[in-house]
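For reference, the structure is listed below as structure tokens.
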Amino acid sequence: MIDTVSPAVVRPFPRLPDGLPQPGRCLVMGILNVTPDSFSDGGLYSDPGDAVRHGLRMAADGADIVDVGGESTRPGAEPVGVTQQLARVVPVLRELAGAGVPVSVDTMHAEVAHAAVEAGACLVNDVSGGLADSEMAATVAAAGIPYVVTHWRAPSRGMERHAIYGDVVGEVTAELLDRVEVLTAAGIDSSRLLLDPGLGFAKHAHHDWQLLARLPTVRSTGFPVLVGASRKRFIGAALSGWSDSPPAPGGRDAATAAVSALAAAAGAVCVRVHDVRSSLHAVCMAAAWGGAGLVLPSSAEAADALAR
């Protein structure tokens, strides 16, 4: 006798800050680097037209948000001036927002954040957590939009010198909460904050893995958590232990999707990735696995998705 399929037990996904998509599962944020020197895709989308087309492709692949950045933050990267960043990101943000794509801006500079919000950005993703620009907190508070607070200790040029921890999870969590206190005192509504443990920022591979393995500790702060693992060195380091020819960054998307699934299953509310489709599938599997209230598509919708 064949058992009939029973519906999954529904556990509501936590509500995200107002202004963000609410799909009922972990969000997938697509990375759009409008830069010549990002570690994985630098130079691919320097032309605004190419960048807009790629952003639209990511949206068609299921990206909940497209995150546009005009400054590489890879280890050793040189800073980019505000004028150059504005020229890179604002036209792309405006086009994508005008096409109905939810967009965020990846910047450490208040002036860029302000211009991005005016162009239609619904979120500011600041890898410095407000440390790089003292005006950022006031700018975000005035805009009244969600803000990603990333763990950060120093600029890209010298951040590896600061990768010294006794208890990386405890210290990262405490330092994030210190930033929350400063930012809320400056007027940002705490309900609009998301925390990012800052994988790769002033951290070695073993630090990144410890943070992922103990992600519930970061979640215990009560704030929603974003994970940005895509194609990073700690993934390559893990793969190198099992392969004679570990893949370059562009070949790490399957492994990134595995991390996305694990992060979503551990309670992350958003993953930031280069390859949207694979991580979207991954977080859907995590939602289904946990009975987190995933609404499965109809047969027609599923067939259409597979055909794309």
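Predicted model, so just to flag it, every value in this text is computed and none were measured.
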Has the side chain of His54 got a donor or acceptor atom that lies under 3.5 Å from a matching backbone atom of Ala51?
no

Using a strict 4.0 Å threshold on nitrogen-to-oxygen distance, state whether Glu175 and Lys203 make a salt bridge.
no

Whether the side chain of Ser279 engages the backbone of Val276 through a donor-acceptor N/O pair (distance < 3.5 Å, no angle test) should be reported.
no

Which atom pairs, donor and acceptor, lie under 3.5 Å between side-chain atoms of residues 113-122 and protein residues at least two apart or in another chain?
from	atom 1	to	atom 2	distance (Å)
His114	NE2	Glu118	OE2	3.4

What closest approach, in Å, do Val112 and Leu86 show between heavy atoms, and which atom pair accounts for it?
CA-CD2, 3.8 Å

Verify same cluster id: Leu56, Val90 (apolar side-chain graph, 4.5 Å)
yes

Given side chains that start at C-beta, do those of Val68 and Leu96 come closer than 4.5 Å, heavy atoms only?
yes

Are Val273 and Ser260 packed together at the side-chain level, in the sense that at least one heavy-atom pair is separated by less than 4.5 angstrom?
yes

Is the closest side-chain heavy-atom distance between Val269 and Cys26 below 4.5 Å?
no

Spell out, as yes or no, whether a donor-acceptor pair under 3.5 Å connects the side chain of Arg88 to the backbone of Gly70.
yes

Is any side-chain heavy atom of Leu176 less than 4.5 Å from a side-chain heavy atom of Thr221?
no

Would you mind reporting whether Phe234 and Leu212 have side-chain heavy atoms less than 4.5 Å apart?
yes

Who are the salt bridge (Lys or Arg N to Asp or Glu O under 4.0 Å) partners of Asp18, not counting sequence neighbours?
Arg15

Show your working on side-chain hydrogen bond (donor to acceptor under 3.5 Å, both in side chains) between Gln85 and Thr107 and close with a plain yes or no.
CA-CA 9 Å; Gln85 284 193 55; Thr107 186; 3.2 Å; yes

Verify side chain to side chain contact (heavy atoms under 4.5 Å, CB included) between Ile65 and Arg272, making sure each step is shown before the conclusion.
CA-CA 9 Å; Ile65 305 171; Arg272 183 176 180 273; over 6 Å; no

Would you say Arg25's side chain and Ala287's backbone share a donor-acceptor pair under 3.5 angstrom?
no

Approximate separation, where rounding is to 0.5 Å, of Leu193 CG and Arg179 CZ
11.0 Å

Group every Ile, Leu, Val, Met, Phe, Trp and Tyr by side-chain heavy-atom contacts under 4.5 Å, then state whether Ile188 and Leu177 land in the same group.
yes

Between Ala268 and Leu215 the two heavy atoms that sit nearest each other are CB-CD2, 4.1 Å

Separation of Thr139 OG1 from His109 NE2 (nearest 0.5 Å)
12.5 Å

d(Arg233 CZ, Asp208 CG) to nearest 0.5 Å is 9.0 Å

Quick one: does Asp133's side chain get under 4.5 Å of Met108's, heavy atoms only?
no

Between CG on residue Leu131 and CZ on residue Arg153, distance to nearest 0.5 Å
11.5 Å

Rounding to 0.5 Å, atoms CE (Met58) and NE2 (His274) come to a distance of 9.0 Å

Where do Leu27 and Pro21 come nearest, in terms of heavy atoms and distance?
CD2-O, 3.7 Å

Would you check, one step at a time, whether the test side chain to side chain contact (heavy atoms under 4.5 Å, CB included) holds for Val271 with Leu226?
CA-CA 6 Å; Val271 292; Leu226 179 149; over 6 Å; no

Carefully, step by step, assess Asp61 and Leu280 under the rule side chain to side chain contact (heavy atoms under 4.5 Å, CB included).
CA-CA 8 Å; Asp61 280 344; Leu280 176 61; over 6 Å; no

Salt bridge Arg214-Asp167, side-chain N to carboxylate O under 4.0 Å:
yes

Between the side chain of Glu111 and the main-chain N/O of Val82, is any donor-acceptor distance below 3.5 Å?
no

Might you point out which heavy atoms bring Ala137 and Leu183 nearest each other, and give the distance in Å?
CB-CD2, 3.7 Å

With a 4.5 Å limit on heavy-atom distance, are the side chains of Trp209 and Val259 in contact?
yes

Kindly compute the distance separating CG (Asp64) from SG (Cys270), expressed to the nearest 0.5 Å.
7.5 Å

With side chain to side chain donor-acceptor pair (under 3.5 Å) as the rule and sequence neighbours excluded, what pairs involving residues 181-191 come up?
Asp189-Ser191

Taking it one step at a time, do Arg53 and Asp47 satisfy side chain to side chain contact (heavy atoms under 4.5 Å, CB included)?
CA-CA 10 Å; Arg53 283 187 287 274; Asp47 176 79; 4.3 Å; yes

Would a 4.5 Å heavy-atom cut-off, applied to side chains only, mark Asp126 and Met136 as touching?
yes

Under 3.5 Å side-chain donor-acceptor pair for Ser104 and Asp67
yes

Would the distance check show the side chain of Glu95 and the main-chain N or O of Pro91 forming a donor-acceptor pair, the cut-off being under 3.5 Å?
no

Can you say whether the rings of His151 and Tyr165 are parallel (under 30°), tilted (30 to 60°) or perpendicular (over 60°)?
tilted

Nearest heavy-atom neighbours spanning Val66 and Gly55:
CG2-O, 3.8 Å

Judged by atom type as modelled, is there a donor-acceptor pair below 3.5 Å linking the side chain of Arg192 to the main-chain atoms of Gly144?
yes

Option passing side-chain contact (heavy atoms from CB on, under 4.5 Å) with Val127 (candidates Val148, Asp106, Asp196):
Asp106

Can you find a side-chain donor-acceptor pair between Thr256 and Asp253 that sits under 3.5 Å?
no

Taking all heavy atoms of Leu239 and all of Ala255, pick out the closest pair and write down the distance.
CD1-CB, 4.1 Å

